[in-house]
Engineer: 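Okay, here's the structure, questions in a sec.
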Amino acid sequence: MSQVSAPRIGVLAIQGDYAAHAEALNDAGAVPVEVRNPEQLDGLDGLIIPGGESTTMLKFLERRNFFDSLKEFAHTRPTFGTCAGAILLAKEVRHPAQKSLGALDAVVERNAYGRQIDSSILVEPTSLPGDPLEMVFIRAPRITKVGSDVEVLARRDGLPVLVRQGNLLAATFHPELSQDRRVHRHFVEMTMQKKQN
Ligand code: GLN
């Protein structure tokens, strides 16, 4: 049996908590690569778009065709968006409407749970193997609608908070801020499956 080398997974490092994602990827058996320009997307097995502020990220992405390169990447290779990253991945963004990469077949509402003080940590069931999952929500968006190809891996108050659609994974919470590495491991496995095909 041929041995598959550890996947090289980029973390968009323009704003937000990318360092915590890099650490989580390391723990999950991948090689993290900080990505600050479109050329650095070349040759990656996957990419994480972290949480932060999606409007700020969009401003940065307008430079040097970064937005278009990222769009191409998200439509063809494994991409995981958390919180602001999930907003960027969605086909439709509301509250208010804003530009997005249009990859994940979902409608996402920004800042849906109120202000910063309403950020919360919950433990909810998940279809990932093992115990219920700790979820850290920070000015989280809400996924209000998903297409039929989207698999819901966890919910909060009945609405999806962790979803997968083929090569795409999206969480409205921050798995990198919990000790549990199951969500990152799931994404690393997605990149390895793609690598083998
Ligand atoms: N409220 C942020 C946005 O709309 C997302 C918050 C986060 O990523 N923790 O972009």
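Counting starts at 1 for both ligands and their atoms, in listed order. Given the structure is predicted, the values throughout are model-derived calculations rather than measurements. Quick note: numbers below take in every heavy atom, side chains included, and nothing from hydrogens, waters or symmetry partners.
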Engineer: What part of R110 sits under 4.0 Å from ligand 1 if we count only heavy atoms: the side chain, the backbone, both or neither?
Structural biologist: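 It is the side chain that touches ligand 1; the backbone stays farther off.
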Engineer: For the OG1 atom of T82 and the OH atom of Y18, what is their distance to the nearest 0.5 Å?
Structural biologist: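 Atom-to-atom, T82:OG1 and Y18:OH are 14.0 Å apart.
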Engineer: With heavy atoms of N111 as the reference, note each atom of ligand 1 found under 4.0 Å away.
Structural biologist: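 So the answer, numbered in order with elements, is 1 (N), 2 (C), 4 (O).
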Engineer: Among the heavy atoms of H174, does any lie under 4.0 Å from an atom of ligand 1?
Structural biologist: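 Checking ligand 1 against H174, which is what was asked, there is a heavy-atom contact under 4.0 Å.
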Engineer: To check your reading of the model: name the closest protein heavy atom to atom 7 (C) of ligand 1, its residue, and the distance in Å.
Structural biologist: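 In this structure, atom 7 (C) of ligand 1 has C83 SG, 2.8 Å as its nearest protein heavy atom.
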Engineer: Tell me the closest heavy-atom pair linking C83 and P141, and the distance in Å.
Structural biologist: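 For C83 versus P141, the nearest heavy atoms are SG-CD, 3.6 Å.
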Engineer: Roughly how far apart are F67 CZ and M57 CE, rounded to 0.5 Å?
Structural biologist: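 The CZ atom of F67 sits 13.0 Å away from the CE atom of M57.
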Engineer: Run the numbers for me: atoms of ligand 1, each under 4.0 Å from some heavy atom of I87, listed by number.
Structural biologist: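 Result: 3 (C), 4 (O), 10 (O).
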Engineer: Roughly how far apart are I143 CD1 and L162 CG, rounded to 0.5 Å?
Structural biologist: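 Here the interatomic distance stands at 8.0 Å.
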Engineer: Short question: side chain of T172, backbone of R142 - any donor-acceptor pair under 3.5 Å?
Structural biologist: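 Such a contact is absent between T172 side chain and R142 backbone.
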Engineer: At what distance, to the nearest 0.5 angstrom, does CD1 of I87 lie from OG of S54?
Structural biologist: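 These two atoms lie 4.0 Å from each other.
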Engineer: Select the closest option to atom 5 (C) of ligand 1 among P50, S119, G16, G52, judged by heavy-atom distance.
Structural biologist: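 Minimum heavy-atom distance to atom 5 (C) of ligand 1 goes to G52.
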Engineer: Just jot down the ligand 1 atoms closer than 4.0 angstrom to any heavy atom of I138, in number order.
Structural biologist: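 Going through ligand 1 atom by atom, the ones under 4.0 Å from I138 are 6 (C), 7 (C), 9 (N).
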Engineer: Just jot down the ligand 1 atoms closer than 4.0 angstrom to any heavy atom of G51, in number order.
Structural biologist: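 Counting from 1, the qualifying ligand atoms are 8 (O).
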Engineer: T55 versus ligand 1: do any nitrogen or oxygen atoms come within less than 3.5 Å of each other?
Structural biologist: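 By distance alone, the answer is no.
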Engineer: Grab the two heavy atoms, one from D17 and one from H174, that are nearest each other, plus how far apart they are.
Structural biologist: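 Smallest interatomic distance, heavy atoms only, reads OD2-ND1, 3.4 Å.
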Engineer: If you count the atoms of ligand 1 from 1 in the order shown, which ones are under 4.0 Å from a heavy atom of S54?
Structural biologist: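 Under 4.0 Å from S54, ligand 1 has these atoms: 3 (C), 4 (O), 10 (O).
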